Amino acid sequence: MAAEKAEMDALKKECDGLRAQIEAARKAVNDTTMTAAANGVAPLGRVQLKLRKSLKGHLAKIYAMHWSEDSRQMVSASQDGKLLVWDTFTGNKLVAVPLKSAWVMSVAFAPSANLVASGGLDNICTVYNIKAASPKTLRELDAHTGYLSCCRFLSDSEILTASGDTTCVLWDLETGKQKMVYTNHIGDCMSLALSPDMNMFISGACDSLAKLWDLREGTCKQTFSGHTSDINAISFFPSGNAIVTGSDDCSCKMYDLRSDQEVTDYTDATLNAGVTSLALSNSGRLIFAGYDDFNCHIWDSLKGEKVGVLSGHDNRVSCTGVPADGMGVCTGSWDSFLKLWN
Amino acid sequence: MSGKMCSSSNSIIQAQKLVDQLQIEAAMERFKISLTAADLVQYCQEHRCSDPLLTGISASSNPFKDKKTCVLL
């Protein structure tokens, strides 16, 4: 018993030493702030986007939405038990997928647009073929021991999921089996995003940490702290060198991957609502963040200033997305509507 | 007695895993924020022109804007 205690004490000492080493290394490169670096950049002025369409069709709270890579189709998920695939140019509904479990929390469009996936409190990620005459269940990925909070396709044969069981999983859609399990978070995983080069991904969790993972090796490469509550939303900056997070602590943060630390904090004394979702414009300059205050606030990512707001929803904005061509923003809400702005 | 020892070994395994993870994270090369932030600024500036939400979208090329039909009299 004494030997084990001595071993624990030694390991704890080693941990403390390593943590101090990491903090010192971060401090050593902390020679300026993003706001200072962006001093010479012209301010944006007020960014005023107009509401172009309100998509009506769901009968209950919308929890998630995801754009197709064609920047025209979009899929939304509601706790009315349906996934709806929309043609955002016309506002028409193209496909309705009835769900086995209405408690959906996440939805994803495959890059090919042949498949969509969803999951939630059933702990299962279900993949549907929407190109068939009527939507057909392709796979039920059932191994998580907690709710499915987020899913993203790499291709028609691989999908990444994040779960309330604190793990993320890479699945092989041909076999329906787990290819890799990513364990390191100590709180429910709430959100994930793939790097532009598809070699890495990031996850945000209820342990208030964001983690960068090597997709193929399965290892956690970097851990980002600073938030004081659950991270609900996470996204890569388009260059792949930075990440943006949104949290229940009412702030968004940008972390640079190469400096391994927070470089900007997006907070406003008047904003006392949690961040539910976020998306970046194509240049990375604008951050669209959905909040519990029914609005989507727009931030200048470089200067750290609020530059606009998308107002119109009658309840919490639960999901936000910018299509690949960057031509607009879609917000989804508990008020059951999706809105398109540009 | 054995149950307690099991949980102690588990704690040691967990602690070792934590040390291993911290070693991975400690090993990375970090770059000065003055360089990395400047790089992010440069990226935004270089891609400004291809960001429709910054440059604006004309009514005729706006995919989401409801088109009004033209009536030829």
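Residue numbering restarts at 1 for every chain, and letters A, B, ... go by the order of the sequence lines. Keep in mind that what you see is a predicted model, and the values were worked out from it rather than measured.
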Worksheet item: Of the backbone (N, CA, C, O) and the side chain (C-beta and beyond), which part of A:F89 lies under 4.5 Å from a heavy atom of chain B, both, or neither?
Response: both
Calculate, to the nearest 0.5 Å, the distance between atoms [atom1] and [atom2] belonging to [X] and [Y] respectively.
{"X": "B:T36", "Y": "A:Y255", "atom1": "OG1", "atom2": "OH", "value": "14.5 Å"}
{"X": "A:D300", "Y": "B:C44", "atom1": "CG", "atom2": "SG", "value": "8.0 Å"}
{"X": "A:M8", "Y": "B:S11", "atom1": "CE", "atom2": "OG", "value": "5.0 Å"}
{"X": "B:M28", "Y": "A:K221", "atom1": "CE", "atom2": "NZ", "value": "10.5 Å"}
{"X": "B:Y43", "Y": "A:S239", "atom1": "OH", "atom2": "OG", "value": "6.0 Å"}

If we only count heavy atoms from C-beta on, is the [X] to [Y] side-chain gap below 4.5 Å?
{"X": "B:D66", "Y": "A:R52", "value": "no"}
{"X": "A:L44", "Y": "B:L54", "value": "yes"}
{"X": "A:P238", "Y": "B:H47", "value": "no"}
{"X": "B:P52", "Y": "A:N342", "value": "no"}
{"X": "B:R30", "Y": "A:I22", "value": "yes"}
{"X": "A:W341", "Y": "B:F64", "value": "no"}
{"X": "A:N282", "Y": "B:L53", "value": "no"}

Search all heavy atoms of [X] against all heavy atoms of [Y] and return the closest pair with its distance.
{"X": "A:L18", "Y": "B:V19", "value": "CD1-O, 3.6 Å"}
{"X": "B:A38", "Y": "A:A37", "value": "N-CB, 4.5 Å"}
{"X": "B:A15", "Y": "A:L11", "value": "CB-CD1, 3.7 Å"}
{"X": "B:E25", "Y": "A:C220", "value": "OE2-SG, 3.7 Å"}

Worksheet item: By a 4.5 Å heavy-atom criterion (distance strictly below it), what part of B:E46 contacts chain A: side chain, backbone, both, or neither?
Response: neither
Response to the item:
Under 4.5 Å to a heavy atom of chain A? For B:L22 that would be both
Worksheet item: Can you tell which of A:R72, A:K5, A:E14 has the highest number of heavy-atom pairs within less than 4.5 Å of chain B?
Response: A:E14
Item to complete: Identify which of A:Q222, A:R258, A:Q21, A:E7 forms the greatest number of heavy-atom pairs closer than 4.5 Å to chain B.
Response: A:R258
Response to the item:
Assert top hit (heavy-atom pairs under 4.5 Å, partner chain A, pool B:A27, B:A37, B:S50) equals B:A37
Discussion item. Report, in residue-number order, which members of residues 323-332 of chain A are under 4.5 Å from chain B by heavy-atom distance.
Written reply: A:D325, A:G326, A:M327, A:G328, A:V329
Fill in: Proximity of residues 25-34 of chain A to chain B, residues having a non-hydrogen atom under 4.5 angstrom
A:A25, A:R26, A:A28, A:V29, A:N30, A:D31, A:T32, A:M34
Discussion item. Run the side-chain contact (heavy atoms from CB on, under 4.5 Å) test on A:R19 and B:L18 for me, step by step, so that the C-alpha distance in whole Å, both residues' side-chain angles and the decisive distance to 0.1 Å come before the verdict.
Written reply: CA-CA 11 Å; A:R19 285 208 171 98; B:L18 189 48; 3.9 Å; yes
Worksheet item: Judged by atom type as modelled, is there a donor-acceptor pair below 3.5 Å linking the side chain of B:Q21 to the main-chain atoms of A:N184?
Response: no
Practice prompt. Please answer whether the main-chain N or O of A:S283 pairs with a side-chain N or O of B:D51 as donor and acceptor at a distance below 3.5 Å.
Written response: yes
